[in-house]
Structures are given as C-alpha cells and as structure tokens.
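Okay, handing you the structure first.
The residues of the chain are indexed from 1 along the displayed sequence. Here the structure is a predicted model, which is why all the values come from computation and not from measurement. Quick note: numbers below take in every heavy atom, side chains included, and nothing from hydrogens, waters or symmetry partners.
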Amino acid sequence: RLQLWVVLVRSQFRIKIDHGDAPGRFQIRREILEVLGAILDVNERCSVGFSWTSPGRFPKMRGEVNLDAAQGVETFKNNIFAEPEVQAVANLLLGSQGFNKQTANGGTVGGLLEGLAKNMLFPDGGRNGFNTHYDVELSGVQLPQTLGVGIAVEPVATWRVAADLKWINWSKAFDMIRIRALNGTNADINSILGGPDVETGFDLGWRDQLVTSLGLEKALSRRVMVRVGYNYGRNPIPDRGASTSMPIAEHHLTLGLSW
C-alpha cells in the first residue's frame, strides 16, 4: 500500500525585537511552504517513507527600529582620548594633567575639545542626543529545504524499530542577510553615517546538516507504549558565527510513554 500527501502552508506573523539599544518590530505578510511525502508499506512488518519540504522564501520583511547610539558615541570618544599618541601630545602642550587640566570656567580641556568637536562634526551639536528611528527592510531570509527518508520495522509483534535520515539545506537558507535602514531621524547620526539611509549585510555562512535518528518502541500492553529515541546532527553554525546566546545541541535523547 502506498500513501501520498501534499501540504501547503501559508502563514502571517510578526517579530518583536527587544534588544536594549535597538528595539523594533517586523512583520511578514505571507509565506508558502510545500510539503510532499510518501509512505510505502512493504509488508505488514516493514514501512519506508520519504518527505520533502520546499525552501521557505519570505518576501522582504519590513518594520521599524529605534536605536540609541549614545553608548557607541561615548566609547568612540573615550577611545580617541585614550590613544597614547593623543595623550602624549596633550601632555606636551598642556602639562602633566593633559585633558584633565582645568579651564577658566571650571571645566576641563577635554570637555572643551569635546564640545568643539560636536559643534564642528554634528549639525545639531549632540544637543538632541543620539536616539534615532529607522524604517527597516530585511531581505535574504528564508527557511531551509529539507529531504528525509526513513524506515520502520517490527521484528516481533511487541517491538518496533525506526531509523530516519534528514538533510537540511541551511547553506542556502542562512547565507547572506541584507538589512536596509531608511529615513534616519537624527541629524547627528545621519552625519556620522553619511546620510539617512544605511545598508549592510551579514554573511552567516551556515553549513548543511545531516540528521540521523534512531527510535525504539515497546508495547507493554494493547494501550501502553514505551518509547526511546536518539538523534545526532552536527552544529550547522560555523565557529565564526557562533553565539553564546544561541546554543545548539548536537545530541538529543528522548523518552516517552503513552496509554
């Protein structure tokens, strides 16, 4: 006996990013996945199966992001003042106190230079802070194509053994993601970045993954089943793209009971 199935999946969902300095929202309007599969009963004790899932091609994701760049600007300023060459020149011209030398109005030379730099480099002189809002477009995001085969065998009446092999095409799905930030609202940030629009990309470089699975089922009675399973799949994320905030487990062990 041969069983075939085709499934079409359409979805709409929103993504909310809550990341301290850059919270935002994105919405995906539509997405269609095709799933094909087949199961062939070779005999009463053996079945083989096949499945294929198409790549999930998302249209452009559009949303918005609010960015607070104050910490980045402060770090940039501190790094400049901390350069040994800059410190040496300051000590030579201003004495041992360097940038900390007091001015007539009670400030410091470093603070005076910082104010001059802001007025020279930034249209608003930093007076409106460094918060900005962008309309954002993400492209190149998609779900991976998958291909799987499996077999299930009942060597005796109360035991079933199953094995699966699945290929996941991560290298095409998580390859290059492009981000366009448009219509920046902060004139100072726009001056730093060369305009209100910014475009960048992330080369994720994920690897394809081959996942192997083994399962064992024991019927304790007509209603009670005990199951144990194990699968292994090498981490698809290369070392250069690994993140401590996204751990990937390569080995999985499962236990189950049904009645």
Fill in: Interatomic distance, Glu137 atom CD to Asp135 atom CG [nearest 0.5 angstrom]
8.5 Å
Discussion item. Would you say Thr200 and Arg180 are linked by a side-chain donor-acceptor pair, where the criterion is simply a distance under 3.5 Å?
Written reply: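 Judged by distance alone, the side chains do not pair up.
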Worksheet item: Are Leu255 and Trp159 joined in one hydrophobic group, where the rule is that I, L, V, M, F, W and Y side chains link up if heavy atoms are under 4.5 Å apart?
Response: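 Same hydrophobic cluster.
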Worksheet item: Taking side chain as C-beta onward, heavy atoms only, is Val224 less than 4.5 Å from Leu257?
Response: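 Val224 vs Leu257: side chains touch.
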Worksheet item: Does Arg234 reach the side chain of Glu250, with side-chain heavy atoms less than 4.5 Å apart?
Response: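 Yes; the side chains approach each other to less than 4.5 Å.
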Discussion item. Is there a path of hydrophobic side-chain contacts, each under 4.5 Å between heavy atoms, that joins Tyr230 and Val161?
Written reply: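 They do share one cluster, since a chain of ILVMFWY contacts under 4.5 Å joins Tyr230 to Val161.
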Worksheet entry | Co-membership, hydrophobic cluster, residues Tyr134 and Leu182, 4.5 Å side-chain | no
Worksheet item: Going only through I, L, V, M, F, W and Y residues with side-chain contacts under 4.5 Å, is there a path from Val153 to Leu40?
Response: yes
Fill in: 4.5 Å side-chain heavy-atom contact, Leu220 and Val226
yes
Worksheet entry | Distance in Å, Ser139 OG paired with Arg178 CZ, rounded so as to fall on 0.5 Å steps |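 Here the interatomic distance stands at 7.0 Å.
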Worksheet item: Among Thr185, Thr132, Val136, Asn131, which residue meets the side chain to side chain contact (heavy atoms under 4.5 Å, CB included) test with Leu67?
Response: Thr132
Discussion item. Within the structure provided, determine whether Ile168 and Lys166 are in side-chain contact (heavy-atom separation under 4.5 Å).
Written reply: yes
Worksheet item: Are there more than 12 heavy atoms of other residues, nucleotides or ligands under 6.0 Å from atom CZ of Arg45?
Response: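 More than 12 within 6.0 Å, yes.
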Worksheet item: Should Leu165 and Leu210 count as side-chain neighbours, where that means a heavy-atom distance under 4.5 Å?
Response: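 Contact flag for Leu165/Leu210 side chains = yes.
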Fill in: Closest non-hydrogen atom pair, Pro236 against Trp170
CB-CD1, 3.5 Å
Discussion item. On a heavy-atom basis, which atom in Arg207 and which in Asn235 lie closest, and how many Å separate them?
Written reply: NH2-O, 2.6 Å
Worksheet item: Distance from Gln209 atom CD to Ser171 atom OG, nearest 0.5 Å?
Response: 11.5 Å
Fill in: Between CH2 on residue Trp52 and OG1 on residue Thr146, distance to nearest 0.5 Å
9.0 Å
Response to the item:
All heavy atoms of Asp188 vs all of Gly129, minimum pair found to be OD2-O, 4.4 Å
Worksheet entry | Pairwise side-chain contact, Trp167 with Asp208, heavy-atom cut-off 4.5 Å (strictly under) |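 The answer is yes, as the side chains (C-beta and beyond) meet within the 4.5 Å cut-off.
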Worksheet item: Does some side-chain heavy atom of Asp164 sit less than 4.5 Å from a side-chain heavy atom of Thr212?
Response: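 Side-chain contact under 4.5 Å: no.
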Worksheet item: Taking all atoms of both residues into account, what is the closest heavy-atom pair of Pro196 and Asn190, and its distance?
Response: CA-OD1, 3.5 Å
Discussion item. Take a 6.0 Å sphere around CD of Glu199 and say whether it holds more than 12 heavy atoms from other residues, nucleotides or ligands.
Written reply: yes
Worksheet item: What heavy-atom pair brings Pro238 and Trp206 nearest, and what distance separates the two atoms?
Response: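 Closest approach of Pro238 to Trp206, heavy atoms only: CD-CA, 4.0 Å.
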Worksheet item: Is there a path from Leu216 to Met225 through hydrophobic residues (I, L, V, M, F, W, Y) whose side chains come within less than 4.5 Å of each other?
Response: no
Worksheet item: Taking atom types as modelled and ignoring hydrogens, do the side chains of Thr158 and Lys218 form a donor-acceptor contact shorter than 3.5 angstrom?
Response: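 The criterion, which ignores hydrogens and geometry beyond distance, is satisfied for Lys218 and Thr158.
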Worksheet entry | Atom pair CD1 (Ile189) and NE2 (His133), whose distance is rounded to the nearest 0.5 Å | 14.5 Å
